[in-house]
Amino acid sequence: MTDQMTQGNAPAVQGQGKEVPVVNQVKAMLSAENVQKRFTEVLGKKAPQFMASITNTVSASKQLKRCPANSILSAAFVAATYDLPIDSNLGFAAIVPYNESVYDKQNEEWVKVPKAQFQMMYKGFIQLAIRSGYYEKMNYAVVYEDEMESYNPITGEVKFVDDFSQCTQRDAGDEKHVAGYYAWFRLKTGYSQELYMSKKAVDNHARKYSQAYRYDLNNRKKSSKWTTDFEAMALKTVIKLLLSKWGILSVDMQRAIQDDQKTYDEDGEGTYGDNKPDVIEAQDPFETDGPEEDDSVVEDVDIESM
């Protein structure tokens with residue numbers, strides 16, 4: 001997002017001695033002609049409906065109401081560039097509040113400043129993979145203990161039972177029996193790849209890369225998406241790592257991996273608020289010595305799987 005989107009459009013936070021609610025600030029910014037023009041450029045006729053969803057999203061979230069309006073619009077605009085809805089219940093993309101640690105020079109202390117960030121959800125990555133046209137089929141699943149025979153962490157091979165009719169834990173829905181999370185794809189060329197991560201492996205990944213998750217665990221809070229919806233975040237992690245490591249990445253997919261969970265300032269500069277991203281070396285399994293299409297693969301991608 002450029003400064004043309006955010007600068008000079010937010011109303012003053014203070015007005016006649018009263019603080020202007022963030023919802024009203026967002027509405028005022030969305031009524032600005034240049035903001036409407038920007039959303040229309042990327043969404044066309046769908047722009048009015050999408051902009052209305054921004055207001056609805058903020059109105060429904062106490063946490064977002066504490067975030068700067070420009071960070072909310074910046075995150076929403078990123079979602080708009082991918083043509084993904086921001087209703088987190090749909091599982092495609094979301095605008096997520098988090099507290100950024102900022103050093104207060106005047107008081108010489110670190111303080112928590114609320115910010116809004118764009119976050120891809122697992123269905124969003126699947127949607128972009130489908131749009132790329134490279135994938136013939138893909139799937140993901142929560143794996144229960146009685147459904148898996150063995151897993152080799154060295155080769156990555158996982159073996160499931162042949163007769164799922166004898167498995168009862170899935171229907172019981174007891175999360176204590178969740179063994180892990182699985183994703184798989186097959187390209188139109190016939191190449192296929194799978195990735196399984198145990199529940200503990202996913203938990204370790206979240207502890208390593210999510211500051212918000214560590215905070216929740218240490219303080220018995222529920223402010224992180226990892227804490228409130230571990231399953232959705234686990235599936236996202238497996239799908240994102242699978243595609244990053246083994247998939248053929250379109251331009252949109254490359255951008256989505258890089259944009260995921262960035263926050264944007266008024267100049268349009270994006271940074272990772274919740275820890276730095278891990279680095280994944282993504283390779284095209286059909287790489288040849290000949291020329292490659294620009295949108296087929298990215299060799300070094302910074303990502304944060306959360």
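Throughout, residue positions are numbered sequentially from 1 according to the sequence presented. Keep in mind the model is a prediction, meaning the values are calculated, not measured. What's counted below: heavy atoms across the whole structure, side chains too, no hydrogens, waters or symmetry copies.
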Check: Which pair of non-hydrogen atoms, one from Phe118 and one from Ala93, has the smallest distance, and what is that distance?
Finding: CE1-CB, 4.0 Å

Next item on the list: Would you confirm whether Gln127, through its side chain, and Leu84, through its main-chain N or O, come within 3.5 Å as a donor-acceptor pair?
Entry: no

Margin query: Show, in sequence, the C-alpha distance, side-chain angles and deciding distance for Arg207 and Asp203, and conclude whether the salt bridge (Lys or Arg N to Asp or Glu O under 4.0 Å) test is met.
Written below: CA-CA 6 Å; Arg207 289 170 185 263; Asp203 180 73; 2.6 Å; yes

Check: Is the CD atom of Gln49 crowded by more than 12 outside heavy atoms at less than 6.0 Å?
Finding: no

Note to self: With a 4.5 Å cut-off on side-chain heavy-atom distances among I, L, V, M, F, W and Y, is there a chain of contacts connecting Leu90 to Phe125?
What the structure shows: yes

Next item on the list: Please report the shortest heavy-atom distance between Val20 and Asn24, naming the atom on each side.
Entry: CG1-CB, 4.0 Å

Item checked: Tyr181 vs Tyr196, ring pair (Phe, Tyr, Trp, His ring centres under 6.0 Å): CA-CA, chis, key distance, verdict -> CA-CA 6 Å; Tyr181 307 88; Tyr196 170 80; 8.3 Å; no

Next item on the list: Would you name the heavy atoms of Pro114 and Arg66 that are closest together and state the gap between them?
Entry: CG-O, 3.1 Å

Notebook entry, point to check: Minimum heavy-atom separation for Val42 to Ala80, with atom names?
Noted result: CG2-CB, 4.0 Å

Next item on the list: Would you indicate whether the side-chain heavy atoms of Lys225 and Gln119 approach each other to under 4.5 Å?
Entry: yes

Notebook entry, point to check: Just how far is it from atom CZ of Arg214 to atom CG of Asn219, taken to the nearest 0.5 Å?
Noted result: 12.0 Å

Note to self: Side chains of Asp163 and Ser165 only: does a donor on one sit below 3.5 Å from an acceptor on the other?
What the structure shows: yes

Check: Counting distance only, does the side-chain N/O of Asp216 pair as donor-acceptor with the main-chain N or O of Thr227 below 3.5 Å?
Finding: no

Margin query: Please determine whether residues Ile126 and Leu187 belong to a single hydrophobic cluster, defined as Ile, Leu, Val, Met, Phe, Trp and Tyr linked transitively by side-chain heavy-atom distances below 4.5 Å.
Written below: yes

Next item on the list: Check for a donor-acceptor pair, side chain of Ser71 on one end and backbone N or O of Ala116 on the other, with a separation under 3.5 Å.
Entry: yes

Check: In terms of hydrophobic clustering (I, L, V, M, F, W, Y; side-chain heavy atoms under 4.5 Å; direct or indirect links), are Tyr151 and Ile239 co-clustered?
Finding: no

Next item on the list: Check whether any side-chain heavy atom of Met197 lies under 4.5 Å from a side-chain heavy atom of Thr237, and answer yes or no.
Entry: yes

Note to self: Are the side chains of Pro68 and Lys115 in contact, using a 4.5 Å heavy-atom criterion?
What the structure shows: yes

Note to self: For Tyr135 and Phe185, take the angle between the two ring planes, folded into 0 to 90°, and tell me which bin it lands in: parallel under 30, tilted 30 to 60, perpendicular over 60.
What the structure shows: perpendicular

Next item on the list: State, with a plain yes or no, whether a side-chain heavy atom of Met29 is found less than 4.5 Å away from one of Asn70.
Entry: yes

Check: Shortest non-hydrogen contact from Ile257 to Ser244?
Finding: CD1-OG, 3.3 Å

Margin query: Could you measure the distance from the CG atom of Leu195 to the NZ atom of Lys245? Nearest 0.5 Å is fine.
Written below: 6.0 Å

Margin query: Is a donor from one side chain sitting under 3.5 angstrom from an acceptor on the other, for Tyr191 and Gln193?
Written below: yes

Next item on the list: Check the pair Asp87 / Thr57 against side chain to side chain contact (heavy atoms under 4.5 Å, CB included), numbers first and verdict last.
Entry: CA-CA 7 Å; Asp87 184 346; Thr57 298; 5.8 Å; no

Margin query: Quick test of your reading of the model: are Arg170 and Asp146 salt-bridged, counting only N-O distances below 4.0 Å?
Written below: no

Check: Is there a side-chain contact between Asn34 and Arg38 (heavy atoms, below 4.5 Å)?
Finding: no

Next item on the list: Assess whether side chain to side chain contact (heavy atoms under 4.5 Å, CB included) is satisfied between Met233 and Val202, documenting all intermediate values.
Entry: CA-CA 9 Å; Met233 296 301 285; Val202 173; over 6 Å; no

Item checked: Intermediate values then yes/no, ring pair (Phe, Tyr, Trp, His ring centres under 6.0 Å), Tyr182 and Phe160 -> CA-CA 11 Å; Tyr182 177 82; Phe160 299 106; 5.1 Å; yes

Next item on the list: State whether the number of non-hydrogen atoms from other residues, nucleotides or ligands found under 6.0 Å of Lys221 atom NZ is greater than 12.
Entry: no

Check: Can we say Glu136 and Lys188 salt-bridge, meaning some charged N sits less than 4.0 Å from an Asp/Glu carboxylate O?
Finding: no

Next item on the list: Check whether any side-chain heavy atom of Phe92 lies under 4.5 Å from a side-chain heavy atom of Tyr122, and answer yes or no.
Entry: no

Next item on the list: Could you pull out the closest heavy-atom pair between Ala129 and Met138, with the gap in Å?
Entry: CB-SD, 3.9 Å

Next item on the list: Measure the spacing between OG of Ser61 and CD1 of Ile95 and express it to the nearest 0.5 Å.
Entry: 9.5 Å

Checklist line | Exercise: do Tyr144 and Asp174 side chains pair donor with acceptor under 3.5 Å | finding: no

Checklist line | Aromatic ring pairing Phe50/Phe39, orientation class (parallel under 30°, perpendicular over 60°, tilted between) | finding: tilted

Next item on the list: Evaluate whether atom CD of Glu109 has more than 12 neighbouring non-hydrogen atoms of other residues, nucleotides or ligands under 6.0 angstrom away.
Entry: yes

Item checked: Hydrophobic cluster partners of Tyr215 (side-chain heavy atoms under 4.5 Å) -> none

Margin query: In the structure I gave you, are the side-chain heavy atoms of Val158 and Met148 within less than 4.5 Å of one another anywhere?
Written below: yes

Next item on the list: Look up atom NZ in Lys199 and atom CD in Glu145, then write down how far apart they are to the nearest 0.5 Å.
Entry: 9.0 Å

Item checked: Same cluster (ILVMFWY, side-chain, under 4.5 Å), Leu242 and Val143 -> no

Next item on the list: Determine, using the 4.5 Å side-chain heavy-atom cutoff (strictly less than), whether Tyr134 and Trp184 are members of one ILVMFWY cluster.
Entry: no

Notebook entry, point to check: Do Met51 and Gln36 come within less than 4.5 Å of each other through their side chains, counting heavy atoms only?
Noted result: yes

Next item on the list: Rounded to the nearest 0.5 Å, what's the gap from NZ on Lys236 to NZ on Lys123? Could you check?
Entry: 14.5 Å

Next item on the list: Might you work through the side chain to side chain contact (heavy atoms under 4.5 Å, CB included) test for Val22 and Leu64, ending with a clear yes or no?
Entry: CA-CA 8 Å; Val22 171; Leu64 282 178; over 6 Å; no

Next item on the list: Go through the steps for Tyr82 and Arg255 under the test side chain to side chain contact (heavy atoms under 4.5 Å, CB included), then give the verdict.
Entry: CA-CA 9 Å; Tyr82 297 111; Arg255 288 198 305 113; 3.1 Å; yes

Check: Roughly how far, to the nearest 0.5 Å, is CH2 of Trp246 from OG of Ser192?
Finding: 11.5 Å

